[in-house]
Amino acid sequence: MIGVVSYLAFFLTMAGILAIAVLGLNLQWGNTGLFNGGVVAFFGAGAYGLMILGGRPEAGQFGGFQLPFPVALAGGVLLAALIAWAVGILTLRLRHDYLAIATFGVAVAFESVTRNAEWLTGGAKGLRGFHRPLEAAIGDPFLFSLAFLAMVLAFLAAVYLGLERLVRSPYGRLLRAIREDETAARSLGKNPARLRLAAFVLGSAVMGLAGGLYASFYAFISPQDMAPILTFQIWAMLIVGGAGNNRGAILGAVLIWAAWTGSGFLLARHAPAEFQLYTGTIQYIMIGLVIVGMLMWRPQGLLPERLAISQTGGEAARRSASRDLTGRETE
Amino acid sequence: MIQNLLDGVLTGAIVSLGAIGLTMAMHMLRFANFSYAELMAIGAYVALVFDRLFEALIPAARAAIGPLSLNWALAAALVVAMAATGLSAVAIDRLVFRRIRQRAGPLSMVFASFGVALILRNLITLIFGLKAQLYSQEIAFAVILSRDPLILIKPDQVFVLAAALALMLIFHLVLTRTTFGFALRAVAENPALAQVAGVRLSAMVAAVWMIGGALSAAAGVFYALTNHLAPTMGHNFLLPVFAATIVGGIGSVHGAVLGGFIVGIASGLALQIMPSGYVPAMPFLIILAVLLLRPHGLFGEEQA
């Protein structure tokens, strides 16, 4: 019984951490229409930032300052935000797909730093050793795992409520206005580039928060944790749940994480021995099929974006509600 | 130093071939196609299959051409691979991208191309295995050009460079001297106006995929001939090919060629100053530099 509960706690902790990252992506893609092709780099910035600031010192290794958990976590979030700011300021003025290419480049560059800069990131062996908050005070590992789950869920709730407020505020309306029609927003005296940058940085900071929680959960981080597939998983979670809908983002995270762990379990158990090496490959194809399939047949996701309808705009709103979420312009 | 430069020129030729089709497709269809570099991997593996097939059917084709490790079977397989990859590029467009294009914006296409790349790459892994492979097990001996500094060149590398330049020249002539080339450029410039002038848009889109697929397949085979085949080769070329299109300016074929050589040579020379593990990030640094200094590339036009 305790085995089932502790597995469930592990499952929900991971799903909760990933859901936070999906919420960050939703602010970028769902609400603002920004394509982030390097989610893993911002998630990783939070994770490595936390481990460098809060990890234990080791010979020949920069970092290991053993800062308290909240400070280390905040440092990781800040690092993710800084990277996002630098990339955003260069690309957000340009053609929309430049951001996609540049963020993909960030992920490649980030991966080569994590694999090679041993003095900073520990290289392939990664960084280990982190005093998890309250671990010593609670003592019992089972109780601690429940407490950690509670903390993750509290962070998730805080991010969800914060983003819900943000999206419903005039600021959120502005983000959607820019997504739908940039020229119109500009003609009203709004500055799309600055708003996009703010949304991009904020979304990346939320991904950094998820990464920081992930690293503190395992008290270990290595380039293996930061594989490019993470970007695809988080994208699949958002598109399945419904871009533009924060509840959908959380639902998608739980569903895809369940499908991922479930398929991994089944393949490990039932796939023939010579196929074991390729279980990851099969799972990757499934993630790819989910992304392409959703885009082709149900781009609005399971929970479509709820459109805020103004009272005088009934007719227009009905029309736009019948349209796909992503159906901006057709060629 | 000179060795790195030569290797860089060779990589540059391969990147250029890959970038030509990407820049055209990005300009005409107005989306960054992240599955594009997978066409290189498809081409290389299709060539592997037909190379083995031709060798088995026609033993005489196993004879190597001159000093090259390339034999007649692989030369024929290259042609088949170019056609097959072009056709599969058209098929992927019909199957996925055209449907999404009809109902959603360009960013959904970018998104879908990520998914398509993931599917293609892992299907190749599933079919051919994770292990790196070679067309020919025979050792290709390098010719020593100079002993101090040591400069080595394989005959294969010379062939690849010459063949890549020849393909680019042919495509340049098609683009500038034929009616078809004019139609292609017209569609890239202004699709609506080109249609008014009687150019069939869907035919031109198919042509761009066909040409892009064929050139990418050649690039993939050339890379595999001078290095090896691996399912990750498309993924590894993605960033260099994008960097080449951005350096050259999106939509400019000549820019893409020049950009490819710049990216290749810069990555080769980067080995002088940084450990080889960082070289994959080099195209990213080039992209950042271009975005800072000349956001629309060397030959690109401003376009929102």
Side-chain angles (χ1 to χ4, degrees), chain A residues 29 33-35 37 86-87 90-91 93-98 100-102 104-113 115-117 123 182 228-229 231-232 235-236 239 275 277-278 280-297 299 324-331, chain B residues 26 29-34 95-96 99-123 125-126 129-130 191 231 235-236 238-239 242-243 245-246 250 274-288 291-292 295-296 303-304:
Chain A
W29 168 256
L34 300 172
F35 192 95
V87 177
L90 280 176
T91 52
R93 301 167 285 127
L94 304 168
R95 244 178 86 136
H96 293 310
D97 38 17
Y98 274 60
I101 299 167
F104 177 75
V106 171
V108 172
F110 186 82
E111 190 182 353
S112 57
V113 170
R115 287 190 187 280
N116 296 289
E182 188 179 329
I229 188 66
T231 299
F232 292 100
W235 271 107
I239 188 76
F275 255 106
L277 196 56
Y278 294 97
T281 309
I282 296 168
Q283 285 182 298
Y284 292 0
I285 293 176
M286 283 167 22
I287 290 279
L289 288 175
V290 165
I291 291 177
V292 175
M294 289 300 290
L295 279 169
M296 280 170 61
W297 291 297
D324 294 331
L325 164 71
T326 44
R328 260 153 275 164
E329 275 176 354
T330 43
E331 277 180 52
Chain B
M26 257 174 101
L29 304 172
R30 289 176 171 79
F31 83 105
N33 185 351
F34 279 82
L95 220 63
V96 181
R99 294 188 190 191
I100 294 173
R101 194 156 59 228
Q102 281 160 356
R103 54 194 283 189
L107 277 173
S108 295
M109 303 268 286
V110 176
F111 192 177
S113 74
F114 257 92
V116 170
L118 192 64
I119 297 171
L120 290 177
R121 182 157 67 245
N122 286 291
L123 279 178
T125 311
L126 212 53
L130 285 161
H235 184 71
N236 294 340
L238 187 54
L239 201 54
F242 267 124
T245 61
I246 289 181
I250 293 171
M274 54 168 95
S276 61
Y278 291 106
V279 170
M282 189 62 202
F284 173 61
L285 297 180
I286 296 174
I287 291 177
L288 287 187
L291 293 184
L292 264 175
H296 301 287
Q303 190 190 50

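So that the names make sense, note that chain A is the first sequence line, chain B the second, and so on, each numbered from 1.
The CG atom of N122(B) sits 7.0 Å away from atom CD1 of I229(A), with the distance rounded to the nearest 0.5 Å. Rounded to the nearest 0.5 angstrom, I285(A) CD1 and L123(B) CG are separated by 4.0 Å. Going from atom CH2 of W29(A) over to atom CZ of F111(B) covers 6.5 Å, rounded to the nearest 0.5 Å.
Across all non-hydrogen atoms, the minimal contact from F284(B) to A109(A) is CD2-CB, 3.6 Å.
Looking at L130(B), both its backbone and its side chain come within 4.5 Å of chain A, counting heavy atoms on both sides. Heavy atoms of F34(B) lying under 4.5 Å from chain A belong exclusively to its side chain. Both the backbone and the side chain of A117(A) have a heavy atom closer than 4.5 Å to some heavy atom of chain B. For L291(B), the parts lying under 4.5 angstrom from a heavy atom of chain A are both the backbone and the side chain. Residue V290(A) does not touch chain B at all, counting heavy-atom pairs closer than 4.5 Å. Of the atoms belonging to P280(B), heavy atoms from both backbone and side chain fall under 4.5 Å from chain A. Y278(B) touches chain A through backbone and side chain together, each having a heavy atom under 4.5 Å away. Of the two parts of L95(B), only the backbone, made up of N, CA, C and O, holds a non-hydrogen atom closer than 4.5 Å to a non-hydrogen atom of chain A. Residue I287(B) touches chain A through its side chain alone, counting heavy-atom pairs closer than 4.5 Å. Proximity to chain A (any heavy atom under 4.5 Å) is shown, for M282(B), by neither the backbone nor the side chain.
Of the residues considered (V96(B), L239(B), L292(B), L285(B)), L239(B) shows the highest number of contacts with chain A, using heavy-atom pairs under 4.5 Å.
Proximity of Y284(A) to T125(B): side-chain heavy atoms (C-beta onward) are nowhere separated by under 4.5 Å. In this structure, the side chains of M274(B) and N116(A) stay at 4.5 Å or more apart for every pair of heavy atoms. Using a 4.5 Å cut-off on side-chain heavy atoms (C-beta onward), F232(A) and L118(B) make contact.
With ring centers used as reference points, F114(B) lies under 6.0 Å from F35(A).
Under a 3.5 Å cut-off, the side chain of R99(B) and the backbone N or O of L295(A) do not form any donor-acceptor pair.
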